[in-house]
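Written below as structure tokens is the structure these notes are about.
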Amino acid sequence: MTRITDELVIRGNHIKNRIVMPPMVTFSFHGDNGSYYGEQHIEHYTKRAKGGAGLIIVQATSIFGAVDSTGMWSAGDIAALKQIASNCHQYGATIMMQLHCGNLNINELSAEEIRSMQMNMKQAAIRACEMVFDGVEYHFAHGFTLCKFLDASYNRRTDQYGGDALNRARVLTQILPEIRNNTHKSFIVGVRMGEYLPESKDSIEAAKTFEKAGIDLLHISFGMQPPTNPVPDGFICSPITYSGCKIKKEVKIPVIAVNEIRTEEQVRFLIENDYVDLVAVGRGMLADPDFANHVINSEPVNMCVGCERCFWFTDHTLCPAGKDK
Ligand SMILES: Cc1cc2nc3c(=O)[nH]c(=O)nc-3n(C[C@H](O)[C@H](O)[C@H](O)COP(=O)(O)O)c2cc1C
């Protein structure tokens, strides 16, 4: 039986337990001296690392500007991100950064625009590696730019980036060798994607394509739309979480499941029954920075109450769980 405290080794990185903080933009935080990232972010991530998370995936960070050091890649941002990585490492967490390509209409992008985006995708990974992050996760989920490439019903391109599963994943797989050549050998490259693209079989093909291309880790959330199908009897988590369990059966690389996982019982259920390799707890970890340690030690969790619209999207100080104002 796998235990939640069992380490998981990915490309030589020893992830100390099976509990992950998934990427979550901290909308109401502010940076310092004109930068996007600053002290508030450093404190936020350091707390969750101290709270026992095995893997922390820093929030969606735009790739645009990675080539020319503008936007989220200013000197101030880089200093803050470096500090986040260093502090999280001190507490024994593995740390990755989610890379985000905005919300473009991929059917209207020219070949030149795709190439330019790929240059930023690659450069952002190289910079994350230089900032001593252990890896990056490309955001292929939630209907954003990269998700639209992957979705067979959205992607109407007739060039090498549209058509079959190989082509739909090519925006990343094409640059993976360049990323590998410019990062150290233990640098993790992951993908966050959904299960229905638009059918389950499309996502299985996509997952296998990424695995074959050399992607190290899959994080399964939802694609263009959240799934609504019921879960099997006895499965105590959500349909999105079940998606992760389905993909896990199809690939050999590690898989993270996520969504509405709030209790020790759910974390243990998923890991101890080998449904998935890693469990990501988002709002639960916003409500309780010590979520991972509490679950590991079977202590009570300061529970996310599940607001209709999470206050962390607008003003985190209004979060009723309220420990982290
Ligand atoms: C405030 C907030 C910000 C989020 N930002 C991101 C993000 O940057 N990238 C991403 O892929 N998902 C993002 N998500 C989705 C979470 O990673 C996660 O998948 C979702 O909250 C479901 O998990 P949970 O029920 O454990 O919170 C965000 C969610 C919240 C609540």
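Values below: all heavy atoms of this structure, side chains included; hydrogens, waters and symmetry mates excluded. One-based numbering, in listed order, for ligands and for the atoms of each. One-based numbering along the sequence shown.
- A cation-pi arrangement is absent between R309 and F311, since the terminal nitrogen or guanidinium carbon is not both under 6.0 Å from the aromatic centre and inside a 45° cone about the axis.
- At distances below 3.5 Å, not a single donor-acceptor pair connects side-chain atoms of N13 with backbone N or O atoms of F187.
- The nearest protein atom to atom 7 (C) of ligand 1, hydrogens excluded, is given as P23 O, 3.4 Å; this is a heavy-atom distance.
- Between V25 and ligand 1, at least one N/O pair is under 3.5 Å apart.
- Between Y36 and H30, the distance from one ring center to the other does not fall under 6.0 angstrom.
- In terms of protein heavy atoms, atom 22 (C) of ligand 1 is closest to N259 ND2, 3.5 Å.
- The shortest N or O to N or O distance between A60 and ligand 1 is below 3.5 Å.
- The single protein non-hydrogen atom nearest to atom 11 (O) of ligand 1 is R192 NH1, 2.7 Å, given as residue, atom name and distance.
- Counting only heavy atoms of the protein, atom 28 (C) of ligand 1 lies nearest to M24 CG, 3.7 Å.
- Residue H139 has at least one nitrogen or oxygen atom sitting less than 3.5 Å from a nitrogen or oxygen atom of ligand 1, judged on distance alone.
- Separation of the Y154 and F149 ring centroids does not fall under the 6.0 Å cut-off.
- Between E178 and R115 there is a salt bridge, since a side-chain N of the basic residue sits under 4.0 Å from a carboxylate O of the acidic one.
- For a threshold of 3.5 Å applied to N or O pairs, the pair formed by R262 and ligand 1 contains no separation below that value.
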